[in-house]
Every structure is written in C-alpha cells, then in structure tokens.
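Input: a single structure, listed below in structure tokens.
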Amino acid sequence: MLIAILQVTVNGLLLAMIFAALAVGLDLIFGVLRIINFAYGDFLMIALFVVFFAVGAFQLPIALAGVLAVAGMLLVSFLFWLGVLPLGENQERQMLATFGIGILLQEVGNLVFGAQVRTLDSSLTSSTFRFGDVAVVQYTLVAALICAALVIAVLVVMRKSRFGLQLRAFAANEAASRLYGVDRRKIMLGALGISAACIGIAATSLLPTLYVSPTIGLNYTVLIYMMVIIGGTGSIVGAIVGAVIVELAMSVGSLWLPGSLPMNIVVIILLVILATRPQGLFGAKHAV
Amino acid sequence: MLSKVWLRRIGPVILCAAAIVVAIVLPDYQKAQVLPAVALAIASLGFSFQSRAAGDISLAYGLFFGIGSYAAIAASNAGWTVWTGILIGIVVSAVVSGLVSMATHRYRVRGVFYTFATLAVSIAVLNIFESTGFLGGVSGIIHTSPGGALGSLKIDKVYLLSASIVLLFLLGLGIVRLERSRFGILWRSIASNEDAAAGVGVDVRNLKIWAAVIGASIASIGGAVAGLNAGIVAPDASISWSIGVAILVGSVFGGLSHWWFAPAGTVLLTMIPDMVTTQFPSLPSNSTVIIYGVCLLIVMYGLADGVFGTIQKSIRSRRLRQTRAKAPVMTEGV
C-alpha cells in the first residue's frame with residue numbers, strides 16, 4: 001500500500017508541474033488582467049489537437065509539434081484579445097462571451113477533427129525510469145521538468161523584469177499604472193502571449209498520456225480555475241501551489257475513491273478555501 | 001374598447017391560451033422538441049429572478065433542474081402522483097439552494113466566486129451520482145410508471161405541454177406580484193448595491209436566501225417537466241452543470257431585466273438552431289450548436305441587454321425622444 005501511495009504521489013507531483021504551467025497561464029488572464037475566460041480549456045483542446053496531428057499524422061518530432069502548438073496558441077490568444085477587448089470589464093458579459101467562444105471552438109473542433117476520442121499511439125511513453133519500486137515515465141519526467149522551468153521563468157520575469165513590474169503595477173491599479181506610462185495593449189498582449197506559451201508547452205507535455213476530444217475543454221477549464229482559486233488569484237506562486245494541491249488530492253484520492261469522486265476532494269478544498277480565505281492561499285489583493 | 005389596464009390584465013391569459021393552442025396543433029415530434037425548451041424556460045424564470053433580486057449568478061441551476069427530474073420520475077415510479085414528485089423536487093431544491101446561499105452569505109462569497117462556488121457544488125453532486133450507485137448511478141432511472149417499462153411514452157404530450165405552459169405563465173405572474181411587493185423593492189436595492197442596502201437596514205441575508213430558494217424551486221419544476229417528457233433521467237444528461245450553463249445562456253440571450261425576457265430568450269435560443277437546420281437540411285449535423293454559439297456571440301457583442309432587453313430599451317428611448325420633441329420649448333422670460 002505504501003508503494004502505491006508513493007507511486008500516485010510521484011505521478012501526482014509530475015502532473016502538478018505540468019498543470020502548474022496551465023494554472024499560471026490562466027492566472028495571468030484571470031488574476032492579473034481580470035478577464036474571465038471560460039474558453040481556456042478549449043484553447044488547451046486546440047493545442048492538444050495540433051500536437052496530436054503534428055506527431056500522429058505528420059510524424060513531426062515532438063519538439064517541433066510543441067513549437068507549432070505555441071504558435072497556434074499565440075494566434076488563438078491574439079484573436080481572443082480582439083474578442084474580449086470590446087466587452088470592457090463587465091465580468092458577466094466576459095463569462096458569457098467566453099462560453100460562446102468555447103462552444104464555437106468545440107464545434108469547430110468537431111467539424112475539423114471529428115467527434116471521436118483519440119489517443120496518441122506513440123513510443124514516447126514506452127521507456128520508464130525506476131527509482132526503487134516507483135516507476136516514472138521518462139517522457140512525463142522530462143516534460144514536467146520543462147514545465148517547471150517554464151513556470152520558474154515566468155516567475156522570474158514577473159519579479160525581476162521591467163515588463164513584470166509593469167504587469168504588477170497594472171494588476172494593482174490599472175488607472176494609476178496608465179498614468180505612469182504603462183501601455184495597456186502591450187501588457188495585455190504580453191500576458192496573453194505568456195499564457196499561450198504555457199498552454200502550448202503544457203499540451204505537448206500532456207498529450208502522450210492523455211486522450212483528446214473536442215468536448216474536453218470545459219472540464220479542464222473548471223479544473224484549472226479551481227487550482228487558481230485555491231492558490232489565490234493574481235499570485236503565480238499560488239497557481240503553482242494550487243496545481244500541486246489539486247493534482248495530489250486527485251491522485252491520492254483515486255486510491256480509495258471510485259470514478260470521478262476524487263474530484264469531490266478538490267471541490268471540498270475549494271469550498272473550504274472560499275469560506276475561510278476567499279482570496280486563496282497566496283492571494284493578497286495585489287500579489288503576483 | 002378595452003382600456004390599457006384591462007389589456008395588461010387579460011393579455012397574459014390570451015397569450016397563454018394562444019401558446020397552448022399553437023402547442024396543441026403542433027405535430028407530435030415538434031411537441032417533443034418544444035417541451036424541453038419550455039422546461040428550460042421555466043428554469044430560466046427562476047434563474048433570472050435570483051439574478052434580478054439578489055444580483056447573484058448561480059451555475060447550480062442545472063442541479064436544481066436535475067433534482068426536479070429525479071424527484072418526478074422516482075415518485076411516479078414509486079406509485080405516487082407526479083404532483084407529489086414535483087413537490088418533493090421543490091422541497092429538496094429549496095433546501096439545497098438555501099443551504100448553499102446561507103453558507104456563501106456567511107462567508108461573504110460574492111460575484112464570480114459565488115458563481116464558482118455554485119458550480120463546485122453542482123460538480124460534487126454530479127460526481128456522487130456518477131460514481132456511486134445512488135438513484136441508478138451513471139445509467140440513471142427510467143420512468144416505468146404508468147404502464148410497465150418505458151411507460152413514459154404513454155404520458156400525454158399535449159397534457160404535459162399545456163400544463164407546463166400554464167405553469168410557466170402562473171409562475172411568471174407570481175414573480176411579477178412578488179417583484180411589485182414590498183419585498184421586490186428591497187430585493188432591487190440589494191441587487192443594485194448590497195452594502196448600501198445593508199447599511200440602511202435591509203435584511204440582506206434572509207432576502208438573498210429567499211431569492212435563491214424561490215429560484216431553485218422554480219427550476220426544479222422545469223426539471224420535472226423535462227424528466228417526464230424524456231422518460232429517463234441520468235446524471236450526465238439531467239444534473240450536468242452544462243444544463244446550468246444552458247439556462248444561464250438562454251436567460252442572458254433574452255435579457256434579465258423583465259420576468260418574461262429570460263424564458264422567451266431560452267425558448268428562442270433553443271428553437272432557432274433547430275428551425276435553421278430544418279430550413280437548410282444540407283447544413284452539417286453539428287451546425288445547431290454552431291448557430292447557438294453564434295447567436296450568443298451576437299447578443300454579447302451587439303445586444304448587451306439581451307434581445308428583448310435591447311428592444312425594450314430602444315422603444316423607451318424612442319418614446320423619450322418623442323416626448324421631448326412634443327414638450328413646449330422653454331425660453332428665457334417665460
């Protein structure tokens with residue numbers, strides 16, 4: 001039993017590193033730019049399909065597939081930016097418009113890729129490392145480390161660079177930051193660009209161990225939002241911690257709970273956090 | 001000549017009768033298409049009421065809708081009347097909604113976080129239904145009464161459709177009465193500024209809980225209609241939070257500022273894609289959902305107050321312009 005617990009904990013941590021990239025990407029949109037994006041999971045779905053066809057149909061190397069996924073996400077994010085700009089700061093309208101965008105992406109996915117569930121038949125996941133009794137898929141380990149490096153890079157950019165300073169100022173007080181010369185468009189595009197890179201790289205990391213279909217988007221949207229809210233909106237560290245908590249809860253919970261019940265542990269954690277610390281574990285009013 | 005007041009009084013009755021007549025003359029397959037739209041419209045009546053009264057956007061309406069479906073079918077299968085099932089659904093939904101609302105108010109969970117909390121509760125309940133054998137587990141339950149397996153087919157669609165239209169109108173009129181009462185004024189004050197309302201002594205907590213309870217009860221009635229029409233309830237189809245999203249989307253499509261905007265918008269949004277694909281059979285099979293998404297985006301970008309809300313606004317501004325044009329011009333020295 002101990003070995004099983006150790007195995008799911010390791011698997012959970014590796015997945016958490018990958019999902020941390022996704023949570024950081026969403027946090028930049030939701031926590032910093034304060035845009036509600038219910039189509040985030042559908043962006044991930046598109047990126048997963050790009051990787052799927054690049055590797056599965058065109059036999060491209062996985063790294064090149066990742067570059068294509070990031071490029072595709074940059075395009076999607078730019079279109080998204082054009083779409084949300086006219087909505088202003090009305091969160092209700094943002095929520096509904098992004099639901100609409102999500103529905104459209106899902107159905108475009110159905111038309112272009114077909115409705116069936118697909119898995120990548122690849123040798124990428126065949127080799128494993130063994131650490132005693134714990135086995136780790138080599139690809140997942142490397143992918144998780146790349147995602148961890150990406151997340152750390154985002155954190156460094158946010159804390160040390162001029163762009164990060166402007167972004168933090170923008171998150172703290174948009175009107176005041178604009179008085180000091182912060183360009184709203186550049187900030188929004190920059191944040192969406194980083195978010196797009198996070199989605200593209202995370203999709204490349206996830207695909208070999210995941211199935212993809214046009215309808216998976218909303219489930220991932222909800223899951224990643226839970227990570228961000230638990231960790232604390234507007235906090236990169238919070239998004240990382242949120243991803244770790246959610247993935248560990250689901251992985252370890254799956255040992256004892258059947259079906260999708262482990263998700264309920266996450267729901268309980270979320271409700272407890274909302275009740276006791278509505279800003280999330282690491283969320284302060286202007287944390288980044 | 002009927003006065004405007006009388007027209008307002010009997011107008012809904014005439015409209016309701018006309019809707020029933022239209023529903024009766026529809027072919028059977030169209031009745032089956034209209035019924036889910038009417039069921040969702042009833043639920044959207046509850047949703048829009050809560051959002052108008054308390055200013056809260058809840059994504060748990062799919063859950064209340066599902067509770068209504070399960071209660072109606074389970075009660076009917078147990079040999080009780082459908083009305084008893086509807087009553088059970090109302091009570092269970094009201095209790096769940098009241099508890100959620102109490103907890104969110106206690107811990108000051110508001111705005112988008114309230115929406116997420118309600119979504120989280122729906123997901124948790126859905127997972128319990130799907131992962132345990134509770135009430136049939138993933139397969140759900142089939143309506144076996146009256147008359148053996150799939151006896152639901154024997155439920156008279158004309159009766160169900162007429163009854164649900166009457167219910168929709170009665171509930172709508174009830175909401176109008178409620179919104180015009182003393183409580184309606186208090187609810188409006190909460191929706192416009194909760195803190196200010198609390199500051200002048202409005203009992204925000206209880207009024208918000210009541211708004212959530214009433215909204216959820218109405219949604220469960222819609223769910224009962226949908227369940228009895230389908231003859232089967234399953235977690236994925238009946239209590240999925242995507243139904244909550246459909247109720248939200250339909251309501252906003254119509255507009256939230258008046259009681260009938262949301263139900264009418266929901267019916268319209270449910271029917272438009274089907275009507276378009278019936279007119280253009282060469283369209284691909286999933287074009288209904290694409291049309292649905294496009295309608296939603298048009299409303300979001302072009303008609304921010306919903307279809308009927310925008311029409312109402314433009315009529316009002318036209319009337320205002322006309323009144324101003326007719327008004328005598330005041331000049332200096334008059």
Side-chain angles (χ1 to χ4, degrees), chain A residues 30 34 36 38-39 83-84 86-88 90-111 114-115 214-215 218-219 221-223 225-226 228-229 233 257-280, chain B residues 51 55 57 59 100 103-104 106-117 119-133 137-138 235 240-242 245-246 248-249 251-253 256 284-302 304-306:
Chain A
F30 177 58
R34 297 196 193 88
I36 297 178
F38 268 102
V84 293
L87 296 173
N90 185 332
Q91 292 196 323
E92 195 181 298
R93 286 182 71 196
Q94 286 174 358
M95 193 157 62
L96 288 158
T98 53
F99 266 132
I101 292 169
I103 290 167
L104 279 181
L105 285 178
Q106 188 178 317
E107 291 313 312
V108 168
N110 263 331
L111 270 178
T215 53
L218 208 46
N219 289 327
T221 303
V222 172
L223 189 70
Y225 262 107
M226 284 182 176
V228 171
I229 294 173
T233 51
L257 297 171
S260 46
L261 272 185
M263 180 77 163
N264 279 18
I265 302 174
V266 181
V267 170
I268 291 166
I269 295 171
L270 175 79
L271 292 175
V272 170
I273 292 286
L274 281 176
T276 53
R277 202 175 153 79
Q279 72 272 35
Chain B
S51 77
I57 299 284
L59 279 177
V100 171
T104 50
R106 164 76 180 75
Y107 296 109
R108 300 179 67 79
V109 178
R110 289 182 187 179
V112 71
F113 294 102
Y114 173 82
T115 307
F116 275 113
L119 178 63
V121 172
S122 328
I123 292 171
V125 177
L126 177 65
N127 288 340
I128 291 169
F129 271 75
E130 282 188 340
S131 305
T132 63
V138 183
S240 161
W241 41 276
S242 58
V245 172
L248 166 100
V249 165
S251 304
V252 177
F253 183 78
L256 295 169
S285 59
N286 58 351
S287 53
T288 48
V289 191
I290 294 179
I291 297 164
Y292 182 86
V294 170
C295 287
L296 185 60
L297 289 179
I298 289 171
V299 167
M300 279 306 98
Y301 290 107
D305 297 305

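Predicted model only: the values in this text are computed from it and were never measured. Any value given below was found using the heavy atoms of this structure, including those in side chains, with hydrogens, waters and symmetry copies removed. Quick note on labels: first sequence line is chain A, next is B, and so on, each numbered from 1.
A search for side chain to side chain contact (heavy atoms under 4.5 Å, CB included) contacts involving A/L261 returns A/L257, A/P258, A/N264, B/N127, B/I128, B/S131, B/T132, not counting sequence neighbours. For B/R110, the salt bridge (Lys or Arg N to Asp or Glu O under 4.0 Å) partners are B/E194, B/D195, not counting sequence neighbours.
Counting heavy-atom pairs closer than 4.5 Å to chain B, the top residue among A/V266, A/V222, A/I101, A/I36 is A/V222. When each of A/A115, A/G259, A/A275 is checked for heavy-atom pairs under 4.5 Å with chain B, A/A275 comes out on top.
Counting all heavy atoms, side chain and backbone alike, B/V109 lies closest to A/L274 at CG2-O, 3.6 Å. When all heavy atoms of A/L270 and B/A120 are compared, the closest pair comes out as CD2-CB, 3.5 Å.
Neither the backbone nor the side chain of A/I268 comes within contact range of chain B; no heavy atom of the residue lies under 4.5 Å from a heavy atom of that chain. Interface remark: B/L119 contributes side-chain atoms only to the contact with chain A (heavy atom separation under 4.5 Å). When heavy atoms are compared at a cutoff of 4.5 Å, B/T115 approaches chain A solely by way of its side chain, counted from C-beta outward. Both the backbone and the side chain of B/V249 come within contact range of chain A, with heavy atoms under 4.5 Å apart.
Shown are A/I229, A/V228, A/L271; of these, the side-chain contact (heavy atoms from CB on, under 4.5 Å) with B/F116 is made only by A/I229.
With contacts defined as side-chain heavy-atom distances shorter than 4.5 Å, the pair B/V252/A/M95 does not qualify.
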### Query
Hey, mind stepping through B/F113 and A/Y225 against ring pair (Phe, Tyr, Trp, His ring centres under 6.0 Å) and telling me if it holds?
CA-CA 11 Å; B/F113 294 102; A/Y225 262 107; 9.7 Å; no
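To the nearest 0.5 Å, atom CD1 of residue B/I123 and atom OG of residue A/S260 are 10.0 Å apart.
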